[in-house]
Amino acid sequence: MADSTLILRGQDGVEHDIAIGADGSVSVAGRTITVRALRAGELRAGDAVVWAAADDRTRWVFFNGQVYVFAVERPGARPRRGSGHAGSLAAPMPATVVKTLVSPGDRVRAGDVLVLLEAMKMELPVRAAADGVVQAVRCRAGELVQPGQDLIEMAAEGA
Amino acid sequence: MESVAVYSDADATARHVLMADQARRIGPAPAAESYLNIPALIAAASAAGADAVHPGYGFLSERAEFARACEQAGLTFIGPPADVIERMGSKIAARALMVGAGVPVVPGATPSDQSDDGVVDAARTIGYPVLVKASAGGGGKGMRVVRDEAGSREAIGAARREALAAFGDGTLYLERLIERPRHVEVQVFADGAGRVAHLFERECSVQRRHQKIIEESPAPGLPPAVRQRMCEAAVAAARAAGYRNAGTIEFLVESAGGGAQFYFLEMNTRLQVEHAVTEAVTGTDLVRAQLDVAAGKPLPWSEGTLVQRGHAIECRVYAEDPAAGFLPQAGRLLLYREPGGPGVRVDSGVVEGDDIGVHYDPLLAKLIVHAETRDHARARAVAALRSFPVLGIRTNVPFLIAVLEHEAFAAGKVHTGFIERHLEELLHVPAAPAEALAAAAAITNASRMTGRDAGRPDPWEQLGGWGR
């Protein structure tokens with residue numbers, strides 16, 4: 001009997017409905033798998049040894065040399081909106097802004113470098129995904145930016 | 001011998017600090033204010049009463065200025081003399097020296113006019129494709145491939161800025177790009193009495209972003225005659241440089257044709273990240289030998305007594321996302337377990353619960369395996385990586401397994417474009433199996449089932465290293 005249910009969304013966008021029994025059995029895709037803890041973070045799922053970790057709304061699994069990352073979705077919850085709104089360029093990781101190369105009103109072409117970031121001594125150019133006009137520059141040189149933080153707001157050409 | 005570690009604020013509880021007999025703070029997290037801060041390092045060494053300084057293999061390890069500052073402070077620098085670092089660190093001087101010693105070099109030049117126009121002119125003279133590099137650098141920092149005139153200015157600007165940021169010197173060097181070369185290097189060692197020995201080669205062709213991720217020894221399929229000529233050239237190079245202590249001569253080897261022509265690329269005047277591969281196949285301890293030589297003792301071995309036995313492979317485990325262009329990753333190591341067993345060595349700088357920041361290189365650990373043959377070493381590396389779970393942050397562990405299992409790698413068909421060429425296959429992730437989903441769903445519940453943490457709402461609190 002299901003104790004609780006859970007929806008996990010994989011990196012590929014596929015959502016999985018999972019029922020968890022009080023006895024440690026987990027039902028997924030028509031199979032019932034018994035999960036036992038061997039040590040902290042080390043589990044036996046069916047016949048396989050699997051490592052797993054949880055962090056806020058993310059579940060991490062290491063199985064057969066692969067890493068799987070799942071977002072925990074509440075039943076009925078809609079997928080979370082991506083970071084930043086349409087037409088904005090966001091930082092891909094924590095980084096320092098080396099310099100901004102555009103100003104509001106600038107017309108840019110797809111592939112143009114708009115902002116230079118630096119992380120771990122590597123330069124990371126942030127490029128325009130499409131032709132457009134810069135609406136706003138939301139970062140400045142020297143600033144430490146976080147993943148998903150908007151750097152540049154863009155509007156499509158002619159919009 | 002007692003060891004004294006130095007640390008920045010970002011590393012106050014890092015593994016190297018916990019392992020050392022003493023530890024000294026040298027400054028805040030940014031490397032320029034701590035690990036690259038020569039006065040702070042010298043002051044820490046003097047205050048600790050240190051006799052000698054081992055510069056490691058990053059940061060100041062190839063800075064003549066640092067070697068000189070150590071000597072002036074009465075500290076023995078465990079490495080070559082400062083003037084040798086200087087000479088070999090300058091691509092121009094090193095090249096001239098190699099030409100004089102009869103070691104083959106790749107066509108290239110350092111433009112005397114270092115303006116954008118001057119560098120573009122020089123690129124045109126050498127002929128595209130051209131590699132733009134930091135004259136002072138290594139490790140892929142400040143390095144760009146320029147295929148035509150159109151892309152040259154952006155690449156030159158970026159290379160110069162990276163060079164300035166990483167080495168404090170924006171001078172650029174250009175050379176003809178040899179397509180699909182192999183990168184094979186020879187470990188050399190010299191003592192104060194002028195004895196020079198080589199410890200054979202390492203194949204370091206599997207690279208991304210011009211940085212190695214898998215190294216091995218011996219180099220697969222290298223004809224014995226070529227190996228011998230390369231090792232002899234490396235010894236001649238070290239002799240010409242007036243070298244002392246551990247160093248590496250890097251060569252580009254043209255994989256095309258049966259001739260396997262090789263060219264001097266550069267000399268690394270320090271211990272390499274991948275030195276453990278050589279230690280495994282030669283049965284040596286290179287760091288101890290470094291200490292011996294720095295103390296004025298002779299080389300602990302001579303060339304005739306060294307052999308390559310079996311096969312060793314090193315895999316560098318990086319905090320990075322191969323699917324996102326190998327972008328470095330930051331975050332907390334929710335779970336980190338190292339493999340072990342016969343022929344398996346792990347050199348690492350992290351423990352479970354550590355926060356991986358953005359300040360330094362994202363190398364987490366080095367896995368080194370040793371076995372009788374290359375195939376056995378490959379299988380051992382794959383088995384070890386399958387028992388090397390790192391969660392909470394993306395790493396290249398699955399990617400390393402994919403490389404080791406790729407048929408072209410298995411056949412020894414490696415070159416520096418290997419990853420780029422096979423990227424799509426290497427990034428393939430199978431759909432999540434039911435066991436993985438079950439574990440993901442059960443993880444919080446499952447930990448409670450151990451009974452050890454009854455009453456704790458968060459099972460992760462029981463993991464060590466989080467108390468900060």
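Per chain, numbering begins at 1; letters A, B, ... match sequence-line order. Model, not experiment: these values are computed from the prediction. Values below: every heavy atom of this structure, side chains too, minus hydrogens, waters and symmetry copies.
- For Glu154(B), the part sitting under 4.5 Å from any heavy atom of chain A is the side chain, from C-beta outward, and nothing else.
- Ring orientation note: the planes of Tyr336(B) and Phe388(B) are nearly perpendicular, at an angle over 60° on the 30°/60° scale.
- At a threshold of 4.0 Å, the pair Arg209(B)-Glu162(B) does not count as salt-bridged, since none of the basic side-chain nitrogens sits closer than that to a carboxylate oxygen.
- Both the backbone and the side chain of Val67(A) come within contact range of chain B, judged by heavy atoms closer than 4.5 Å.
- If you measure heavy-atom distances from Leu363(B) to chain A, you find no contacts under 4.5 Å at all.
- Val113(A) touches chain B through its side chain: at least one heavy atom from C-beta onward sits under 4.5 Å away, while N, CA, C and O do not.
- For the pair Arg208(B) and Phe399(B), the NZ or CZ position fails the cation-pi test of under 6.0 Å to the six-membered ring centre and within 45 degrees of the ring normal.
- For a residue to count as touching a neighbouring chain, one of its non-hydrogen atoms must lie under 4.5 Å from one of that chain's; by this rule Phe62(A) touches chain B with backbone and side chain alike.
- In this structure, chain B has heavy atoms under 4.5 Å from both the backbone and the side chain of Val61(A).
- Within a 6.0 Å radius of CZ in Arg127(A), other residues, nucleotides and ligands contribute more than 12 heavy atoms.
- Highest contact tally toward chain B, considering only Thr34(A), Val26(A), Thr32(A), Thr58(A), is held by Val26(A) [criterion: heavy-atom pairs under 4.5 Å].
- Contacts of Ala48(A) with chain B are made by side-chain atoms alone, with heavy-atom separations under 4.5 Å and no backbone atom involved.
- Residues in residues 388-406 of chain B take part in these salt bridge (Lys or Arg N to Asp or Glu O under 4.0 Å) pairs, two or more places apart or across chains: Arg386(B)-Glu405(B).
- In this structure, chain B has no heavy atom under 4.5 Å from any part of Asp12(A).
- Using a 4.5 Å cut-off on side-chain heavy atoms (C-beta onward), Asp11(B) and Tyr360(B) make contact.
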